[in-house]
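Below: the structure, in structure tokens.
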Amino acid sequence: MPELPEVETTRRGIEPHITGQQVNTVIVRQPKLRWPIPPRLKKTLPGQKILNVTRRGKYLLLNATKGTVIIHLGMSGSLKLVESDQAAKKHDHFDIVFNNNKTLRLHDPRRFGSVLWTTRPALNHPLLSSLGPEPLEDEFNTNYLFQCSRKRSVAIKTFIMNSKVVVGVGNIYASEALFRSGIRPTIAAGKISKLRYQRLVNAIKNVLQDAIAEGGTTLRDFTNGEGKPGYFKQKLLVYGRTGEPCTMCNKAIKQSQQNQRTTYYCSHCQR
DNA sequence: CGAGCAACCTGCATGC
DNA sequence: TGCATGCAGGTTGCTC
């Protein structure tokens, strides 16, 4: 799935095309996503205008006249703008058809994504209300992460992937940021020094910014709003590189399991 | 409260 | 070619 850079890439791709546009129709082909697509969306959204498209963590917020469409892409979701007469393909579960003959189309084979609707401030929605800070904002800094980590025994990789700690860091960028900062993914979060947290915070910010600049990472099927892949995969230093030489020391990259997820690291460079 | 893990679902690569 | 297995970008919600 899309981690923060891929969601941000999607946001930038669709935002200029749907801002100010009026919704004509909502088409639900498969309502069974992570949560059911709310049935009232089909009646309530037509006629409304999209005011802007924002992002909170990995959630996209289509802010409309009378409420907000909250979209999460899960593991395999992607959004694309297509001509409204374009036929839907397999796993094209949801469309917002606009009056200008363009359609925003959600494609999601695994259906871990979600489409929700709220008429209250979106940030108050239960799924968004207890999220941690945005990693690229100033609130996410060394002091914050260090304080937050005290007395926490969880592995540092698990810790930075916890959206209550910081949003947007998924399996790819967690491994990459820990490599960039020289920290072994299994170290207990509470045992890491402030200096090392400073390096980690910088690494998280830098890797996410670098990835956004490349349009995100396309492993298999991620595409931006215009159907194009991202190019950050070529710059991954450890993720998916098991057995290949470390770019720093030439030793073979290792992999292990944490929380049912694969972790990639260099046993020489990360301590 | 924190930690660990099963669950949701489909597609694809691999091995027999 | 077919079948079984394991793995994949995420997150909630359950147990302990």
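Just so we're on the same page: letters track the sequence lines, and every chain starts at 1.
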* Asked: Whole-Å distance between B/dT10 P and A/Arg34 CZ?
  -> 15 Å
* To do: Ignoring backbone atoms, test whether A/Ser76 places a side-chain nitrogen or oxygen under 4.0 Å from the OP1 or OP2 oxygen of C/dG10.
  => no
* **Nucleotide nearest A/Tyr59 when distance is taken to its side chain, options B/dA6, C/dG10, C/dT12** => C/dT12
* From C/dT11, C/dA8, B/dA6, nucleotide with atom closest to A/Tyr264 side chain -> C/dA8
* To do: In whole angstrom, give the distance that lies between atom CG of A/Asn171 and atom C1' of C/dA8.
  => 9 Å
* Report yes or no: do A/Asp108 and A/Ser76 form a side-chain donor-acceptor pair below 3.5 Å? => yes
* Do any side-chain nitrogens or oxygens of A/Lys164 fall under 4.0 Å of OP1 or OP2 in B/dG2? -> no
* Asked: To the nearest Å, how far apart are A/Asn162 CG and B/dC5 C1'?
  -> 15 Å
* Structure fact -> In whole angstroms, the gap separating C1' of B/dA3 from NZ of A/Lys151 amounts to 17 Å
* If you measure from OH on A/Tyr197 to CG on A/Asn143, what distance do you get to the nearest 0.5 Å? -> 13.0 Å
* Using a cut-off of less than 4.0 Å, is there contact between a side-chain N or O of A/Arg152 and OP1 or OP2 of B/dA3? -> yes
* Asked: Are the charged groups of A/Glu134 and A/Arg55 less than 4.0 angstrom apart, N to O?
  -> yes
* Asked: Within the structure, does a side-chain N or O atom of A/Thr262 lie under 4.0 Å from either OP1 or OP2 of C/dA8?
  -> yes
* A/Arg261 side chain, from C-beta outward: closest of B/dG11, C/dT11, B/dA6 -> C/dT11
* **Base-pairing assignment for B/dC9 (Watson-Crick or G-U wobble, both under 3.5 Å)** => none
* ring centroid sep under 5.5 Å plus plane angle under 30, A/Phe112 with B/dC8 -> yes
* Asked: Any side-chain N or O of A/Lys58 less than 4.0 Å from the OP1 or OP2 oxygen of C/dT11?
  -> yes
* Asked: Whole-Å distance between C/dT11 P and A/Trp35 CH2?
  -> 9 Å
* Distance-only polar pair, side chains of A/Gln257 and A/Thr262, donor-acceptor under 3.5 Å -> yes
* Structure fact -> Closest to the 5' end of DNA chain C, once A/Leu131 and A/Arg110 are matched to their nearest nucleotides, is A/Arg110
* Between the side chains of A/Ser84 and A/Thr103, does any donor sit under 3.5 Å from an acceptor? -> yes
* Asked: Between C/dT11 atom P and A/Met161 atom CE, what is the distance in whole Å?
  -> 8 Å
* **Nearest-angstrom distance from the residue atom CD of A/Gln257 to C1' of C/dA8** => 11 Å
* Within the pair A/Arg111 and B/dT10, is there a side-chain N or O less than 4.0 Å away from OP1 or OP2? -> yes
* Structure fact -> As its Watson-Crick or G-U partner within any shown strand, both distances under 3.5 Å, C/dT1 has none
* **Interatomic distance, A/Asn259 CG vs C/dT12 C1' [rounded to whole Å]** => 14 Å
* To do: Establish, from distance only, whether the side-chain atoms of A/Thr19 and A/Asn52 form a donor-acceptor pair under 3.5 Å.
  => no
* Considering only C/dA8, B/dT10, C/dT12, which nucleotide approaches the side chain of A/His91 most closely? -> B/dT10
* To do: Please state the P separation for the pair C/dC7 and B/dC5 - nearest whole angstrom.
  => 15 Å
